[in-house]
Amino acid sequence: MGSISIICLLVLSLLLPTAKAEEISVAVASNFTAPMKEIASLFEQSTGHKVRLSFGSSGKFYAQIKHGAPFQIFFSADQKKPEQLERDRLIAPSSRFTYARGRLALWSSQKGFVKGNTDRLRQLQFNKLALANPKLAPYGVAAIEVLERLSLIEATQNKWVQGENIAQTYQFVSTGNAELGFVALSQILKDGKLKTGSSWVIPENLYNPIKQDVVLLLRGENSPAAQALLSFIKEPQVKQIMTSYGYKPLAANP
Amino acid sequence: MSFSEADLAAIWLTLRLATTVTLLLLIIGTPIAWWLARTSSVWKAPIAAIVALPLILPPTVLGFYLLIAMGPHGFFGQFTQSLGLGTLPFTFWGLVIASVFYSMPFVVQPIQNAMEAIGERPLEVAATLRAGPFDRFFTVVLPLAKPGFITASILGFAHTVGEFGIILMIGGNIPGETRVISVQIYDHVEALEFMQAHALSGAMLIFSFSVLLALYWLQRKQKVSLLN
């Protein structure tokens, strides 16, 4: 009897740590790539859980989740897709909340090309203007709103090139194929500073807030690690990471 | 199944692209195929390998290199800029050049095979009848290699219609200029417009099947006529 219970204890002690540390799959919108990598490694260090990150466009993730993709959490670039998933009953009830507010920047990979204002844009002194496809990407919608406010839609339209998502838009500008582009501030900032090139951080009164929602998917409903990551997102140190990439972390969510 | 104006624009653009690319490839590919079919040079293997590269390279690799090479800092981009042509990404002609590379093996290889199958004999006979090299090429090689040219045209055209990865990387999704059918389908799916995606995808499926069916029918007919 005694030896059996000792063996049982031994087996349990072997099993327990592995059963506790979990691996979760998380879908992340392209614009949140850089901060999410930092957040995930911080989370892994402090909890011992493993996080497998997939980056892509929110639209593609929506279609994949709807067709059974094995993600537990979905960080969207907008509110539309998480809301749709909620209506489809594919998320844990009332798990949806806004984790960050994205910001838009006009950026060039050349130094001194954009002088922190609209001059370059208004004078039409550029070969191409890259923006994310407004049909697919919230940062594209915001870019169109800015151009509308500045009454520059018609003047610039023949110079537009559209990326399928904000990552591709960034790529068009960083390779110099487009001299100007509307990108996510998070893509060009590191530790609160511009990494390369020149930019105009667009005032937030020129576009509607880019609210980005996260949801706990049905597959993650019973996962302690997934729930831990969602509460970890609200920690002050995570908010600090978001701020350093130019996001406005949402303190009080409605 | 009905198509929106944007869908129709994408279909028309795709047909224009595929036709242009096929014609260009027949012009460029024929001398390459002829050389590959006849040569015993040490360069035969490397050139044949380069022509066949797109068969195994992921389109992202080709698209990535083209985006950089054709960009303002790339060697090809600087060349086109010095000619006053600007840079090629995000233009119709940029897609044409990318597709010429990408569809090259589908045109060169069938022509090369057909030319190799002719062998030396008909050319020697023509030479004894005092046909010059050009005469021999146009009156003997071209007619005899006709099945190869037909296969090459069909495959080159169909493969260009089905192109996606490279165009996504260097196209910039401009309506009427670079937004081809495959990109339009991708957009529909991403925008959750599954009905429209179904319509275009269904059309592509029917098109591709018909093309291949026509190709295999033609090949069968040719074999039968050769036997008779």
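Heavy-atom basis, side chains included; hydrogens, waters and symmetry copies ignored. Residue numbers start from 1 in every chain, and the chains themselves are labelled A, B, ... in the order their sequence lines are given, proteins ahead of strands.
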(Q) Using a 4.5 Å heavy-atom cutoff, which residues in residues 122-142 of chain A come close to chain B? (A) A/Lys128, A/Asn133, A/Lys135, A/Leu136
Q | Top contributor to chain A interface from B/Asp187, B/Val189, B/Leu88, B/Ile68 [non-hydrogen pairs under 4.5 Å] | A | B/Asp187
More than 12 non-hydrogen atoms from neighbouring residues, nucleotides or ligands closer than 6.0 Å to [atom1] on [X], yes or no?
X        : atom1 : result
B/Lys44  : NZ    : yes
B/Phe207 : CZ    : yes
A/Arg87  : CZ    : yes
B/Phe64  : CZ    : no
B/Ile56  : CD1   : no
B/Glu5   : CD    : no
B/Phe194 : CZ    : yes

Q. How far apart are the closest heavy atoms of B/Pro72 and A/Gly176, and which atoms are they?
A. CG-O, 2.8 Å
(Q) For A/Phe172 and B/Phe90, take the angle between the two ring planes, folded into 0 to 90°, and tell me which bin it lands in: parallel under 30, tilted 30 to 60, perpendicular over 60. (A) perpendicular
(Q) Measuring from atom CG of A/Asn177 to atom CG of B/Leu67, what distance do you get when rounded to the nearest 0.5 angstrom? (A) 4.5 Å
Q. Taking only heavy atoms into account, what residues of residues 155-177 of chain B are found under 4.5 Å from chain A?
A. B/Leu168, B/Met169, B/Gly172, B/Asn173, B/Ile174
Q: Tell me, with the steps shown, if B/His73 and A/Thr175 meet side-chain contact (heavy atoms from CB on, under 4.5 Å).
A: CA-CA 8 Å; B/His73 313 301; A/Thr175 54; over 6 Å; no
